[in-house]
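Within every chain, numbering begins at 1; the chains are lettered A, B, ... in the order of the sequence lines, protein sequences first and strands thereafter. Remember, it's a predicted structure, so these values are computed and weren't measured experimentally.
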Protein chains: 2
Amino acid sequence: MISVAEATRLVAATVRPLGTELLSLPLAAGRLLREDLRADRDFPPFNRVAMDGVALRYEALAAGQREFFIEATQFAGQPPVTAPNPTAAVEIMTGAVLPAELDTVIRYEDLTFRTDEVGQRYATVQALPPRPGHNVHARAADRRQGDLLLPVGTRLKPAEMAVAATVGAATVAVARRPRLAVVSTGDELVPISEQPAAHQIRRSNGLMLQAAAWQAGAEAEAFHFDDDPAALRQGLPALLAGYDAVVLSGGVSMGKADFLPEILQELGVEQLFHGVAQRPGKPFWFGARAGGAVVFALPGNPVSTFVNFYRYVQPWLRAVQQPNGAAAAGSGPVPAVLTAPVDFKPAMTHFLLVSLEPGPDGRLLATPERAGGSGDMASLLTSSAFLELPPETSYFPAGTVLPVWRFR
Amino acid sequence: MISVAEATRLVAATVRPLGTELLSLPLAAGRLLREDLRADRDFPPFNRVAMDGVALRYEALAAGQREFFIEATQFAGQPPVTAPNPTAAVEIMTGAVLPAELDTVIRYEDLTFRTDEVGQRYATVQALPPRPGHNVHARAADRRQGDLLLPVGTRLKPAEMAVAATVGAATVAVARRPRLAVVSTGDELVPISEQPAAHQIRRSNGLMLQAAAWQAGAEAEAFHFDDDPAALRQGLPALLAGYDAVVLSGGVSMGKADFLPEILQELGVEQLFHGVAQRPGKPFWFGARAGGAVVFALPGNPVSTFVNFYRYVQPWLRAVQQPNGAAAAGSGPVPAVLTAPVDFKPAMTHFLLVSLEPGPDGRLLATPERAGGSGDMASLLTSSAFLELPPETSYFPAGTVLPVWRFR
């Protein structure tokens, strides 16, 4: 039996970056970039007017001029007008290019207008701007042409999509989605649509794992095998060849019917560990097949399956989407404050279901869930995360700060 | 100009629950339930064996017996065996039904086995269990038949999918997805794949809003109109009739080219407000058409668009998926601690871009982003949330706890 730290290390060592695919930008939402995206122009690309109003020379204001003849109008999307008259102004709209001769914009709220007898308009400045360049978003103020904006490995979230669109990345190179086969095993499991006999239950882990994999950006298909060695020997090879990872639930505890590790090794999956000093989820078996899938064989109790998925499988799914297989930023645990004391004697890592709530002082508070053990699926509904209690300590007073893995 | 609180109230007042659709459970992942799901059986439905090992009578152990004759084997998925012999045991697997006569399970790790000359196996208990019922997950220990497990309005996340599967909800009634039309306006905007002229920029807000809407569980299609009243008058009616909400970016500031509010009112969209005492995003226009779409017309600066989406549109999208249109749990802001002082004089709500980081004591720390104003799209890349600074105060010292809206 190995430690959680060692299991984490062995899982991470199997990470190989997935292939790259070219996608039209809208289809790439949520994917991880496999290329650097740089500014093709300055940000902004021109002196951009930031308010509707009039553009003028600050110098004229500084010299005492307050009323300005409107010599032209400049809309967004038009080439800039010329503004040769040093005492005139240009009525101008947000997003327009500031004419080259002008340097300052006064917004409508700070102006009054009059029209003379021949229809000519004049604007009078009511509130002086603090400096030249007021209400102008200067060319290259934010980023310069050639600046690296979205490095390889960036996930394309809404803000990143906007930036990619701005630099003209109509097609982008991104990591393909990881492909997961989710396999439930166990003779006691019947399909969702069937009425179980008294000694049976419906299949639920497969759908739980599928939904969790979808949330992590993976493709996931569900399969089921009864506890039948022949069926497993026949069905598993296609999954091991066709998927990046196979996640099995059930079939790895110590019992007589648990022949799965043996069959996996027969099929060329090298065992990397079996048993992790943790509760729940101790019988976790992990292996990899040369040139093929990795196999996460998880104990079948719903809480064990769930915790192992978020603690090991999800970080793996994120890492394989990185170009270098590194752990993805933001996918690890965050610190939270325990609100009630916890006593856990065994020399194991304890994954403790908690509900999270922000405290009034901005601290993240973790309250242990009253759970009925690793079979208590309903306890997952009322909790939102699990704390990782290290094996060296057995008593954790209220107020202890501990890493928490969120699953909501 | 109205306050942020008043704008929030007026937006919430337009929420009407979306229609319901029946979906096969796997397709309903991420949706909000429109029916209560109750336990169709007890949780667990029988006295469920929680460890591989042997099942026996605690009474026999209490009477001093240590070695037990193995009279049968009981696998998961089989009807329970009968165990009439008061001094015998049943070898038993995780997930199996505990035979009616037995009450306690000793796991393999706490047993030794021997086989006699006629092949009969015996188990000797090495570590006594603390009480009857050890390693048995008792029937109804977690939930009782008829208990409400997933009330109307619950979002089907992975744990909820597992519970829905367990109770046999092969088809579920869920809210349909909100349908959003995302409309960019502005003559200065060219398609992503085109090379903009010096005074043009590429369309980016539309894709940003689409990606953000997808993340919020909505369907979103993107449209573009130039600043052409005729085109808007022709194109907008189909969007107002065919979508639940129309989100426009650009076209609502004070300038001469900003005729959008007028056209919207011509098309039967009643203005509910125009202008909110906030920065950025002040020119926000909001309206609703009787029996049709609501219209969020947002100022076109990327940061304004972005902040208004997460502050107003996303909560609306979540609320219409609720059966009663109530604000969805967990969709509001959380408290965070300002790490540097902020001075903001105008009597307006200030939405301040920040990066969030958990502090070592479990507090969520918000560090203001050095942003170039509402046009600085690149500042969205390095921030992950925005603080909401109330209008009554102008100086916020480091350490102030404020509500923060996350967008990552």
[Y] side chain reached by [X] side chain, heavy atoms, under 4.5 Å:
| X | Y | result |
| --- | --- | --- |
| Leu209(B) | Phe309(B) | yes |
| Leu338(B) | Leu387(B) | yes |
| Gln74(B) | Pro80(B) | yes |

Of all of [options], which one pairs up most often with chain B through heavy atoms under 4.5 Å apart?
| options | answer |
| --- | --- |
| Asp147(A), Leu207(A), Leu149(A) | Leu207(A) |
| Thr171(A), Ile92(A), Asn301(A), Thr94(A) | Asn301(A) |
| Val97(A), Asp226(A), Leu150(A), Asp361(A) | Asp361(A) |
| Ala170(A), Pro335(A), Ser384(A) | Pro335(A) |
| Gly168(A), Ala212(A), Ala164(A) | Gly168(A) |
| Gly250(A), Pro158(A), Ser379(A) | Pro158(A) |

Among [options], single out the residue with the greatest number of heavy-atom pairs under 4.5 Å to chain A.
| options | answer |
| --- | --- |
| Ala162(B), Ala211(B), Pro45(B) | Ala162(B) |
| Val401(B), Asp376(B), Leu380(B) | Asp376(B) |
| Ile201(B), Thr382(B), Leu156(B), Leu402(B) | Ile201(B) |
| Arg48(B), Arg408(B), Arg203(B) | Arg408(B) |
| Met51(B), Lys157(B), Glu160(B), Met161(B) | Glu160(B) |
| Leu364(B), Thr154(B), Leu381(B) | Leu381(B) |

Practice problem: Would you name the heavy atoms of Pro283(B) and Val252(B) that are closest together and state the gap between them? | Solution: CB-O, 3.3 Å

Quiz item: Which heavy atom in Tyr310(A) sits nearest to a heavy atom in Arg406(A), and how many Å separate them?
Solution: CD2-O, 4.3 Å

Closer than 4.0 angstrom, basic N to acidic O: yes or no for [X] and [Y]?
| X | Y | value |
| --- | --- | --- |
| Arg107(A) | Asp110(A) | yes |
| Arg363(B) | Glu357(B) | no |
| Arg202(B) | Asp40(A) | yes |

Quiz item: Is the side chain of Ser249(A) donor-acceptor paired with the backbone N or O of Gly206(A) at a distance under 3.5 Å, no angle test?
Solution: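 Judged by distance alone, no pair lies under 3.5 Å.
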
Practice problem: Taking side chain to side chain donor-acceptor pair (under 3.5 Å) as the test, write out the residues that go with Arg143(A), two or more places apart. | Solution: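 Once residues adjacent in sequence are excluded, Arg143(A) has no partner under the side chain to side chain donor-acceptor pair (under 3.5 Å) criterion.
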
Interchain contact, [X] with chain A, by part (heavy-atom threshold 4.5 Å):
| X | value |
| --- | --- |
| Ala169(B) | backbone |
| Gln78(B) | backbone |
| Arg41(B) | side chain |
| Pro79(B) | both |
| Pro44(B) | neither |
| Val337(B) | side chain |
| Asn205(B) | neither |

Practice problem: Anything under 30° is parallel, anything over 60° is perpendicular, the rest tilted; go ahead and classify Phe407(B) against Phe306(B). | Solution: perpendicular

For a quick test of your reading: what N or O donor-acceptor pairs under 3.5 Å do the side chains of residues 187-198 of chain B make, sequence neighbours left out?
{"residue": "Asp187(B)", "atom": "OD1", "partner": "Asp227(B)", "partner atom": "N", "Å": "2.7"}

